[in-house]
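From a predicted model like this one, the values you see are computed outputs, not experimental measurements. Ligands are counted one by one from 1 in listed order, and the atoms in each one are counted from 1 as well.
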Amino acid sequence: MLSFMFFFMLMRYSDVSDCIFCAMQRGEIPFAEVVSNEFLFAFMDIGPLNHGHVLIVPKEHYANIFEVPPSLGAEVINAMQGIGKAVMEATGAGGLNVVQNNFAPSGQAVFHIHWHLIPRFEGDGLLKWTPGKYENNNQMTSLAEKIRKALA
Ligand code: AMP
Ligand code: ZN
């Protein structure tokens with residue numbers, strides 16, 4: 001029943017003009033709040049990768065990392081440190097992933113920026129990192145050059 005409600009709400013609020021996280025702030029959708037301040041609110045992710053998975057969300061609507069004013073950065077880091085430590089303590093986790101998705105190909109499903117704090121336990125098998133490789137060093141350095149040019 002809970003998962004049906006979750007998918008219904010996600011479908012209903014997935015477009016930019018009707019954002020689920022903004023609707024939560026307006027009190028239209030219940031959620032399990034952890035903490036909130038002038039800039040951010042944090043709550044339990046309803047589909048946790050591990051129990052204790054928390055989302056940190058700016059109160060202002062920004063779709064992704066490219067829209068967030070850099071001045072909010074210090075608030076976000078401060079929240080990650082405080083809430084991240086509390087998540088680890090409360091769950092007994094030995095590690096913590098901070099994840100933030102941008103655009104659909106990255107896995108972003110809610111287009112109001114948020115940071116995932118995911119408690120990690122030895123051997124839990126989540127988020128396995130499988131390294132790829134370049135054909136040769138030149139392929140890597142020419143891509144670095146291309147990125148440098150894009151920065152200019
Ligand atoms: P992302 O794929 O990075 O956009 O992550 C969106 C996250 O929002 C997912 O982990 C969902 O489980 C979570 N989520 C969506 N709707 C709710 C809700 N109503 N309450 C709590 N978490 C939610
Ligand atoms: Zn929003």
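- Checked by distance only, ligand 1 and D45 come closer than 3.5 Å through their nitrogen or oxygen atoms.
- Residue-to-ligand polar distances place I46 within reach of ligand 1: an N/O pair is separated by less than 3.5 Å.
- Within 6.0 Å of the CD atom in E135, the count of heavy atoms belonging to other residues, nucleotides or ligands does not exceed 12.
- Atoms of ligand 1 found under 4.0 Å from any heavy atom of F21 (numbered from 1 in listed order, with element): 8 (O).
- Less than 4.0 angstrom separates some heavy atom of H116 from each of these atoms of ligand 1: 1 (P), 3 (O), 5 (O), 7 (C), 10 (O).
- Residue-ligand proximity, G47 to ligand 1, at heavy-atom distances under 4.0 Å covers atoms 12 (O).
- Under a 4.0 Å criterion applied to the non-hydrogen atoms of G107, ligand 1 contributes the atoms 1 (P), 2 (O).
- Among N101, I113, L55, the residue whose heavy atom sits closest to atom 8 (O) of ligand 1 is L55.
- Under the 4.5 Å side-chain criterion, counting only non-hydrogen atoms from C-beta, V35 is not in contact with L40.
- Within 6.0 Å of atom CD in E89, 12 or fewer heavy atoms from other residues, nucleotides or ligands are found, so the atom counts as exposed in its surroundings.
- Which parts of ligand 1 touch A109 is read off a 4.0 Å heavy-atom cut-off, strictly below it: atoms 1 (P), 2 (O), 4 (O).
- Short contacts between ligand 1 and I20, defined as distances under 4.0 Å to a heavy atom of the residue, involve ligand atoms 16 (N), 19 (N).
- Geometry at the Zn ion (ligand 2): ND1/H61 and SG/C22 form an angle of 110°, nearest 10 degrees.
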